[in-house]
Amino acid sequence: MSEGAALTGPDGAARCPWALSTPDYVTYHDEEWGRPVHGDDALFERVSLEAFQSGLSWITILRRRAGFRAAFADFKIAAVAAFTGEDRARLLADPGIIRNGAKIDATLANARVLADWAPGELDELIWSHAPDPTGRPVPKTLADVPAITPESTALSKALKKRGLRFVGPTTAYALMQACGLVDDHLETCVARGRG
């Protein structure tokens, strides 16, 4: 078996190797990762959580997602855009989230930027960067999965040009993977093509 190839889990199904490290990952992998996400608030949540994940493992964010949702008003753009200095102080003291001042500030600033966009504009911008799925080889091992692509670089530039922060090319590609713009489930993975 090739290193980084899909592995068989306790249920007999083959999955991307990263999915088998914890039951939380199995559920996320099988039910969410790589499935299409639409809607400005839903995508704002994903942009925000990917930014918080930068430099950390995704499981750290996944296990605190309920805390993030509670702290950030379910990532409703209009609500977060109205957060005050008192809200920022509350967030910095909240043990249910990652208390990183720069990432909190970026999330609040991004909400203020997005609050001025037309409904559906964030969704349209992000999805306009989805690559042609027939133009990409199906990954057989983790080594075949890129960290950055031309599309993620273009998405990062487009988001930054519009005033968003903490949206580098690697973060943009992780967003594309999580939100179903690309299907990076491995060739023999049970979740491949479920998007």
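Just so it is clear, the values below take in all heavy atoms, side chains as well, and ignore hydrogens, waters and symmetry mates.
We find the CD1-CD1 distance between I97 and I61 to be 9.5 Å, quoted to the nearest 0.5 Å. Here the straight-line distance linking atom CD1 of I104 with atom CG of L91 works out to 5.0 Å at 0.5 Å rounding. Residue E50 holds its CD atom at 10.5 Å from CD of E45, rounded to the nearest 0.5 Å. The CZ atom of F68 lies 11.0 Å from the CG atom of L62; values are rounded to the nearest 0.5 Å.
D87 is not listed as a side-chain neighbour of V80, based on a closest heavy-atom distance of 4.5 Å or more. W117 has its side chain within reach of R162: a pair of non-hydrogen atoms, C-beta onward, lies under 4.5 Å apart. Residues W33 and W18 are in side-chain contact: their nearest non-hydrogen atoms beyond the backbone lie under 4.5 Å apart.
Of the possible polar contacts, one joining the R192 side chain to the H185 backbone as a donor-acceptor pair under 3.5 Å is found. The backbone N or O of T170 sits nowhere less than 3.5 Å from a side-chain atom of S152 that would complete a donor-acceptor pair. Between the R35 side chain and the D30 main chain, a donor and an acceptor come within less than 3.5 Å of each other. With N110 contributing its side chain and R165 its backbone, the two residues share a donor-acceptor pair below 3.5 Å. Proximity of a side-chain donor or acceptor of D123 to a complementary backbone N or O of D40 within less than 3.5 Å is not detected. Not one N or O on the side chain of R194 forms a donor-acceptor pair closer than 3.5 Å with the backbone of E31. Without hydrogens or angle criteria, K103 side chain to S54 main chain gives a donor-acceptor distance under 3.5 Å. Looking at S156, its side chain does come within 3.5 Å of a backbone N or O of V167 through a donor-acceptor pair. Judged purely by atom type and a 3.5 angstrom limit, D94 uses its side chain to pair as donor or acceptor with the backbone of G96. In this structure a side-chain-to-backbone donor-acceptor pair under 3.5 Å is missing from K140 to E187.
Across all their heavy atoms, F83 and R90 have their closest contact at CE2-NH2, 3.4 Å. The two residues C179 and R46 make their nearest non-hydrogen contact at SG-CG, 3.4 Å. Nearest heavy atoms, P17 versus L142: CG-CD1, 3.9 Å. Considering every non-hydrogen atom in both S48 and F75, the closest pair reads CB-CE2, 3.5 Å. Of all heavy-atom pairs spanning P146 and Q177, the tightest one is O-NE2, 4.5 Å. Of all the heavy atoms in A147 and Y173, the pair that sits closest is O-CB, 3.3 Å.
The closest side-chain donor-acceptor pair between R136 and T149, if any, does not fall under 3.5 angstrom.
Ring geometry for W58 versus Y28: interplanar angle of 30 to 60°, hence tilted.
Dense packing is recorded around CD of E32, with more than 12 heavy atoms of other residues, nucleotides or ligands lying under 6.0 Å away.
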